Amino acid sequence: MASSPQQGQGQAQGGGGGGVCPAEQFWSLLDKADRRFARVRDLPLFGRQEPAEYGKAFRIYTQLWRMQQEHRHRLLDAGLRRWQVGEIAARIAHLYYSQYQRASDTALLSEAFVFYHAVLDRAYFLDDHLGASTKHLRFLARFLLVALILSRRAQTVPRLAGQIRSLLDESKKTLQEADYREWKHVVQEITRFLKADSPFMNKRPLRYSYAFDPPPETLPTIPPTVKKRGLLLSDAILCSYYHNEVKFTDLTLDTFRMLQCLEWEPCGSFAQNNGYSAHDESGQNHPNLLKDLRDAALPPNPLKTVLYRPSVPHFLKVLATKCEELPLNTMMLIYLSAAGEVGSSGLGPDTSERVVNSFSQFDISNTRAVTSKEDKEPCLWLGCREGSNCIYPCDMIPFTRRPLFLVIDSNISYAFKSIHGAEKGETAAMLLSPSSRSCAVGFSGDSTRQSGSQFTMFLTAPVQAFCFLIGNNGLDIIDKDYNKAEELLSLSLNEWAMTLVASSSLDPVWVEVLGDPLLRRLLLRFIFCRATLSLFKASNDKAECLPSCVPPLPESVGGESMLSQCCVMRVASFLGAADQFSFAEVTTWPDIDEPTSSGGVDKEL
């Protein structure tokens, strides 16, 4: 259980020394708190065991907070400034956010939001002192990150973004030139990030929401006669890097979407307020969000570690630690989104089996020298294209002793097929992106990096990805029509799910995936992505434009199966884009619901 100020309040009672709180005691405690905070900030953000430093830091900051509340006037007379009070509250918020990064508990994120919002409302950082602008900008940027992850984009996010821009303009003369350039770059990152999918920002949550997604107990289940182990997703590593990609701090647009996609929406809060009202966003009507939002009916979120431009040794260290600590009967997801280098071997999607043969070069019994460029295999660049920033498919093989679910979004994703058959104990489930991104209208050229990856968007926001694919940027689609498209997609996903659970040729690894609601949703959305791109005329049925999965799924859910054509046709016809797809000529199609507005819907194929 995560430590918190609420848990430390009992230990903080009497911190003022029986009602007497000398200023010297406060300043001494503040200095000690600074050192505790520095230790917490330097801790690694992975590992199941919570370090004791968190509890110690929370206790000391709780004591500081109570002291300044009970003895505010005396401390003000002794030189306490408002910005110092705000910094104490902001650091408590940062401790909560840091714990969220380790525990993936959105209730902790909500507590951080409440503390940050209190600092903002009370204008603690509007204080004239040396370095005030830098502290204020840092506070606003950290608060903005928390608000983004919590999907508070109706009121709080625009307010914070506007305040950062205004404060930077006002501080241009007081900031050093290097600091100003750095913050100007941050403002540009924020602008690009918010622009990426702003027309769709309040359509539906990326998290698994009972208001939009079927409750797990209502999902089609595997027959009891089929042997299954009951594996559940417990951990995830999310890593993305492209040159000049959309990001804010170390959170890229792709990892931002995947991060939320692997969480549960607490209490249906998104649906209740359709993006939250200003009153709800402030947290003022939720005096204890940690209690209100920790819904016992929801499963715990998998522990997620987000890595941005990690060195390969660090990536492998995190992966090894997570595999070592992975609980029994659980599975780990590894998401890699990065540009790849084909290598001098020139492997393509139809020749990736040559990678399997190349594994012999890593066999210690093989004495053949491996130094020629011809033996260089495809790799992913997790950073700048220099040094040891590339990771090879064979790097993943030692970790297949544990159940892995790989999502590879890259132009050389096909190379990871080589892992299949070379596992060291557990069959790895893999969803692999198309190797070419030039087939889609809305994802061609530089626009890919401006709106995020097409494949990742299909897995996290499939209706949004479908709209981008057909050239609809979301500006002319109303919420009612978008929700109807979501309903039609949900109907299709359920039909694919029923077909899978009834299949006698379903690979055991997919049987396990279907048992976890979060992984099941990814798999079904992958089927929708594959079917959509298979039928999309611009793809022209090119292999490099289509995603793939390993092990293969049954033909009954293939991209051009009759079921898949019916499912894609539902959504395409409703959005008036049926003419952009190649459907088979049949005498009878399923009934297509009429549109809810006068947006041109073409029921004729």
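Small disclaimer: the values here were computed from a predicted structure and weren't measured. Values below: every heavy atom of this structure, side chains too, minus hydrogens, waters and symmetry copies.
- The distance between the ring centers of F193 and F256 falls below 6.0 angstrom.
- In this structure, D254 contributes its side chain and S453 its backbone to a donor-acceptor pair below 3.5 Å.
- Exactly one of R102, R48, K304 qualifies for a salt bridge (charged side-chain N to carboxylate O under 4.0 Å, His left out) with D235. That residue is R48.
- Within 6.0 Å of the CD atom in Q188, the count of heavy atoms belonging to other residues, nucleotides or ligands exceeds 12.
- Judged by distance alone, the side chain of E512 and the main-chain N or O of L231 form a donor-acceptor pair under 3.5 Å.
- The minimum heavy-atom distance linking R402 with C323 is given by the pair NH1-O, 2.9 Å.
- Judged purely by distance below 3.5 Å, without hydrogens or angles, the side chains of S240 and E245 pair a donor atom with an acceptor atom.
- Taking the six-membered ring where the residue is Trp, F143 and F113 present perpendicular rings, their angle passing 60° and hence far from 30°.
- Across R204, K480, K203, a single residue satisfies salt bridge (charged side-chain N to carboxylate O under 4.0 Å, His left out) together with E486, and that is R204.
- At a threshold of 4.0 Å, the pair E189-R192 does not count as salt-bridged, since none of the basic side-chain nitrogens sits closer than that to a carboxylate oxygen.
- Under a 3.5 Å cut-off, the side chain of R525 and the backbone N or O of T460 do form a donor-acceptor pair.
- D395 places a side-chain N or O within 3.5 Å of a backbone atom of Y392 that can act as its donor or acceptor partner.
- For S98 (side chain) and H94 (main-chain N/O), no donor-acceptor pair under 3.5 Å exists by modelled atom type.
- Between the side chain of S413 and the main chain of D409, no donor-acceptor pair closer than 3.5 Å is present.
- Contact detail for A103 and L108: the closest heavy-atom pair is CB-CD1, 4.2 Å.
- The aromatic rings of W264 and Y210 lie perpendicular to each other, with more than 60° between the two planes, well past the 30° mark.
- The CZ atom of F125 sits 12.5 Å away from atom CD of Q163, with the distance rounded to the nearest 0.5 Å.
- Below 30°, between 30° and 60°, or above 60°: for F58 and Y96 the angle between ring planes is between 30° and 60°, a tilted geometry.
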